[in-house]
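Basis for what follows: all heavy atoms, side chains included, without hydrogens, waters or symmetry-related copies.
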Number of protein chains: 2
Amino acid sequence: MSVAEMTRLAVPPSLVWPFAGDASGGVPAGANVELRELERHGSKLRFKRGETLFNEGDPAEHAYRLVSGAVRLCKHMADGRRQIAEFILPGDFFSFGETVEHDFTAEAMSDVVLVCYPQRAMERLADERPGLRNFSRSLLRRRIDDAENHLVMLGRQTAKEKVASFLVLLAQRSHTHENSRLALPMSRQDIADFVGLTMETVSRVLSAMKREKLIELPGLHELVIRDLESLHALADGEE
Amino acid sequence: MSVAEMTRLAVPPSLVWPFAGDASGGVPAGANVELRELERHGSKLRFKRGETLFNEGDPAEHAYRLVSGAVRLCKHMADGRRQIAEFILPGDFFSFGETVEHDFTAEAMSDVVLVCYPQRAMERLADERPGLRNFSRSLLRRRIDDAENHLVMLGRQTAKEKVASFLVLLAQRSHTHENSRLALPMSRQDIADFVGLTMETVSRVLSAMKREKLIELPGLHELVIRDLESLHALADGEE
DNA sequence: CGCCGTGTTGACCAGTTTCAAGATTGGTGG
DNA sequence: CCACCAATCTTGAAACTGGTCAACACGGCG
């Protein structure tokens with residue numbers, strides 16, 4: 001099975017639209033109508049694994065919703081060091097509210113289908129539609145929330161805790177329960193650049209978790225969580 | 001001179017309102033009018049050094065603007081580890097758009113004066129005032145931007161780079177030039193919890209920078225930047 | 001003038017990275 | 001369908017960065 005196929009299977013079609021499970025956050029009732037209207041302005045787009053959707057600094061003419069595949073949003077330092085700010089999974093919106101230029105680079109981690117919306121049209125629409133405004137604001141709030149939890153992870157957690165946090169996040173976002181197989185569309189290097197470690201350390205920690213029966217790795221890009229409770233405990237620093 | 005006096009002096013009164021220099025970000029023309037209207041809903045508040053303004057999880061009934069002093073916004077882990085997400089200086093707004101509960105703890109690093117605005121009133125006002133909406137949105141965008149740069153620092157920079165980044169940020173926010181004295185209202189531990197290091201490492205790096213004539217520390221809570229260019233270079237990882 | 005909280009410095013240590021072999025895996029072509 | 005190849009991942013050993021622990025210094029305040 002290819003990575004593209006795998007990630008497409010990760011989220012059943014019914015969840016892709018209008019909301020990906022809890023991704024709606026604080027979206028108020030009624031927003032749905034306006035989102036459908038928004039949809040009229042969207043056009044479909046495809047990228048192949050490894051392609052760059054846009055670079056940090058490019059003019060931000062569009063916002064996006066991922067339909068299938070997986071995308072990473074990252075920042076690059078001059079010498080090549082990389083920090084991934086966010087993994088985008090099917091159903092996720094990104095780049096909303098970036099009106100001037102994109103403040104990160106978006107790269108396809110697998111073959112990708114997405115819908116893009118012109119920022120201008122959306123702003124106009126938002127001026128008359130409180131529902132759309134609220135939706136847009138909830139996306140921004142959610143992003144802040146995620147980023148601030150990410151700060152704690154990067155700044156104050158140990159290697160083991162970081163990897164556990166990552167796995168817990170992934171499980172939450174995949175609305176997956178224990179013992180079911182879930183997609184791991186990102187490489188070890190991607191995980192490392194998300195949690196602020198080296199590839200090697202990530203690999204070692206995953207191996208240790210495998211030995212301790214917390215997880216299984218049936219394939220490089222598949223994961224089974226065997227003991228979510230322990231992972232949560234680890235992520236919260238309860239040793 | 002007390003810490004309270006020092007930080008009060010850090011920003012001249014003229015800059016405190018309506019905007020603290022570049023803190024306005026992308027605020028459109030016209031917002032000012034609506035902000036003055038917003039001001040009618042504000043009431044003054046005081047806290048003493050060390051006091052907690054509110055805790056993570058408290059109901060978020062108010063948003064704030066700092067008038068004088070300095071505040072830290074932080075998250076705490078169960079075992080006491082702490083990550084500071086943001087330092088609040090005079091003129092800064094915080095907690096905007098947190099409608100349900102605060103997602104961080106706010107603590108006064110010095111005696112503090114601030115203005116608070118009821119979130120409800122603001123939301124009502126924002127419904128009819130595009131200017132206020134845009135202002136509010138620009139605050140959220142700015143927060144995301146700051147947080148994402150913070151991610152790179154925490155995840156991918158070395159100790160020296162982290163401290164340099166912190167100093168550059170501080171210099172920017174204090175709209176200060178080389179060789180002028182600027183306030184350092186936070187303790188070494190606060191700096192450490194912002195950049196993801198220990199107090200000791202921060203102290204060592206600062207000492208090294210002093211030796212290399214990049215900075216001077218006339219007092220524990222005062223800083224003179226002697227070579228901003230080199231600090232920038234360090235912060236950007238150019239060794 | 002002396003005390004207490006905070007900051008600095010040193011010696012040692014632990015966790016993470018680095019460097020370098022190998023081992024898997026998944027994709028390709030025979 | 002199998003075998004091979006390249007890319008990715010895993011593992012080990014050594015080096016290093018930053019952390020820990022502990023003593024000492026400083027300075028702000030009574």
Nearest-Å distance, CG (B:L184) to C1' (D:dG28)? 16 Å

Report the distance from atom CG of A:L197 to atom P of C:dT18, rounded to the nearest whole Å. 11 Å

Is the backbone N or O of A:D103 less than 3.5 Å from a side-chain atom of A:K75, with the two atoms forming a donor-acceptor pair by type? yes

Grab the CZ-C1' distance between B:R156 and D:dT17 for me, whole Å please. 15 Å

Would you say the ring centers of B:H150 and B:F194 fall short of 6.0 Å from each other? yes

Nearest nucleotide by nearest heavy atom, which residue falls closer to the 5' end of DNA chain C, A:P218 or A:T158? A:T158

B/S/- along nucleotides 6-11 of chain D (protein heavy atoms under 4.0 Å) is ---SBB

Please report, rounded to the nearest Å, how far the P atom of D:dG19 is from the CD atom of A:Q157. 15 Å

Would B:Y64 and B:F93 count as a close aromatic pair, with their ring centres under 6.0 Å? no

Shortest non-hydrogen contact between A:A70 and A:L89, atoms and distance: CB-CD2, 4.3 Å

If you assign A:G196 and A:G219 each to the DNA chain C nucleotide with the nearest heavy atom, which residue ends up on the more 5' nucleotide? A:G196

Rounded to whole Å, CD1 of B:I215 lies from C1' of C:dG7 at a distance of 14 Å

Check whether any side-chain N or O of A:T105 sits under 3.5 Å from a backbone N or O of A:E56 as a donor-acceptor pair, and report yes or no. yes

From CZ of A:R81 over to P of C:dT17, roughly how many Å is that when rounded to an integer? 13 Å

Is there a donor-acceptor contact under 3.5 Å linking the side chains of A:S95 and A:E98? yes

